[in-house]
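Structure first, then comments.
Numbered from 1 within each chain, the chains take letters A, B, ... in sequence-line order. All values below come from the heavy atoms of this structure, side chains included, with hydrogens, waters and symmetry mates left out.
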2 protein chains.
Amino acid sequence: MKSRARPRPAARPPAEAEKGPAARARLEVDERRAQLLALGLSIFSERSYDEVSIDDIARAAGISKGLLYYYFPTKRDFYVAALRAASKELLDETLGTTKDASPEAQVEQGVRTYLAYVERRGAAYVALMRGGIGSDPEVAAVLEETRSTFLGRIVAALPPEAMGPLVHTAMRGWIGFFEAASIDWVARRSVPIEQIVTLAKVLLFDALRAATEFSQTNEPAPPKKKRPAKAR
Amino acid sequence: MKSRARPRPAARPPAEAEKGPAARARLEVDERRAQLLALGLSIFSERSYDEVSIDDIARAAGISKGLLYYYFPTKRDFYVAALRAASKELLDETLGTTKDASPEAQVEQGVRTYLAYVERRGAAYVALMRGGIGSDPEVAAVLEETRSTFLGRIVAALPPEAMGPLVHTAMRGWIGFFEAASIDWVARRSVPIEQIVTLAKVLLFDALRAATEFSQTNEPAPPKKKRPAKAR
DNA sequence: ACCGGCTGTTGAACTGAAGTCAACAACAAA
DNA sequence: TTTGTTGTTGACTTCAGTTCAACAGCCGGT
């Protein structure tokens, strides 16, 4: 009975109508959150950020618009959360279980796993890892964070003396190479995965070698022959 | 849509007030368009797409909001137009006047000019070439177009027999490498430009060599070639 | 000068989607 | 049952993008 009679937004329709699919269920925070993130990931893979309205998302999830704001403060936050989830998934999967294999084997393993993820997620990978909302600071941060993590893993496996500004840039560049190659690969699918793996692996070491070499001199380096990573 | 009988928006204030800066000037279409694009380029370099409102842009340009819509059908179109202008600028500058230099010299020249652009435009390059509005189809198209043009230039200088799916992917990847390296370079500025130029040049040919090699066999390729590039 | 016509320009109104909020319902504990 | 907590709702508010009819600068013809 509550005589709290406040404004009075008119009575609500009991909504007795039975909705075929999932009628309103009261889920736990974590469940619903996970459900929404998964949904967001799939939706944003197909349509761009602002081709999708909050109402679309709510409708697809079978919930009200307001509930979305109960879990995510803003549409953008929702997008970022979905992006972050995808990033985490990728990072976790590629963490690699190989401890003490040779550097070559480790790289090969990591690259292969990465490509497997790209192949499985396809559109999601392209839509979220590439592009994103763009200039948006938070989105850029997630992408930056992801690349930075990969960079860290590579650097961690390098002999400390080999590190230098140019090597840093070179590795950064290699990540760019690999992302671009991955996208081209999934988009065209005209090359066996093994060739991509080998190409990426070889170029990583090529880049590493070239960078350490050129760090010493500004000249195109005529004397030195080869010599992967070694003394400074 | 809403052709309601518009009664009478009330007379407009003569606005006799003298505006200090540039009072309303009647410009020609091309001039104003160019002015707006330049302005947009600089604005979007500093703040993200939706941190900037139409009103902000209009205010900065000293015009009314409505006029913007006289030149560009939508905010997004405006953004895309600015992006396209930047892309065209970059593509034009790097077209290279060297006709018959050696492949190496051509690449070096192109890379150097590209980096000069990146250095000059700094934020604009990063904000527009990277990111963009993201998932947006049109924006993606402009970026794709830009990369595709660069790819075309590289491919055009290759001996036809050398072309294959893997080489295509490799070159695509190299472009990704170079973009990432460029961004890292402008962001950190801890490496002399010459080193970046050399690194990029060497890796282009490394990638080319590796790709043509692996195209033949799935094996890590034991023997074979050395110098593919020859310029038709 | 006067009249048009063409076109750049404006301000206010309109629209639609993001974001807010008080009421409410499902469930658990008392 | 009663009460407390908290997931859930839908109408409402807000505000940035978009539309539009009126308007003003400028040229050519008379």
Look at the side chain of Lys75(A) and decide which nucleotide, out of dG19(C), dT19(D), dT8(D), has an atom nearest to it.
dG19(C)
Interatomic distance, Lys65(A) NZ vs dT13(D) C1' [rounded to whole Å]
11 Å
Over 60° means perpendicular and under 30° means parallel, so tell me whether Phe78(B) and Phe44(B) are parallel, tilted or perpendicular.
tilted
Should Tyr71(B) be listed as having a side-chain N or O under 4.0 Å from OP1 or OP2 of dT9(C)?
yes
Nearest-nucleotide wise, let me know which of Ser53(A) and Ile63(B) is further upstream toward the 5' end of DNA chain C.
Ile63(B)
Any donor-acceptor N/O pair, Lys201(A) side chain to Val111(A) backbone, under 3.5 Å:
no
Does a side-chain N or O from Thr74(B) land closer than 4.0 Å to OP1 or OP2 of dT18(D), or not?
yes
Verify whether the ring centers belonging to Phe150(A) and Tyr114(A) lie closer than 6.0 Å.
yes
Nearest-angstrom distance from the residue atom CG of Asp50(A) to P of dT18(D)
10 Å
Salt bridge check, Arg120(A) against Glu93(A): does any charged N sit closer than 4.0 Å to a carboxylate O?
yes
Would you say dT19(D) has OP1 or OP2 under 4.0 Å from some side-chain N or O of Tyr69(B)?
no
Give the rounded distance in Å between these two atoms: CG of Leu67(B) and P of dT7(C).
15 Å
Do the side-chain N and O atoms of Glu138(B) and Tyr79(B) include a donor-acceptor pair separated by under 3.5 angstrom?
no
Once you round it to whole Å, what is the distance between C1' of dT9(C) and CG of Leu68(B)?
12 Å
Roughly how many Å is it from OH in Tyr79(A) to P in dA18(C), rounded to a whole number?
15 Å
Quick check on dG17(D): is either OP1 or OP2 less than 4.0 Å from any side-chain nitrogen or oxygen of Arg76(B)?
no
Which residue lies more 5' along DNA chain D, comparing Pro73(B) with Val29(A) via nearest heavy atoms:
Val29(A)
Please state how far atom CD in Glu31(A) lies from atom P in dT6(D), giving the value in whole angstrom units.
16 Å
Interatomic distance, Glu51(A) CD vs dA17(C) C1' [rounded to whole Å]:
15 Å
Starting from C1' on dT9(D), measure out to CZ on Arg32(A) and report it in whole angstrom.
12 Å
Between dA18(C), dT18(D), dG10(D), which one does the side chain of Ile54(A) approach most closely?
dA18(C)
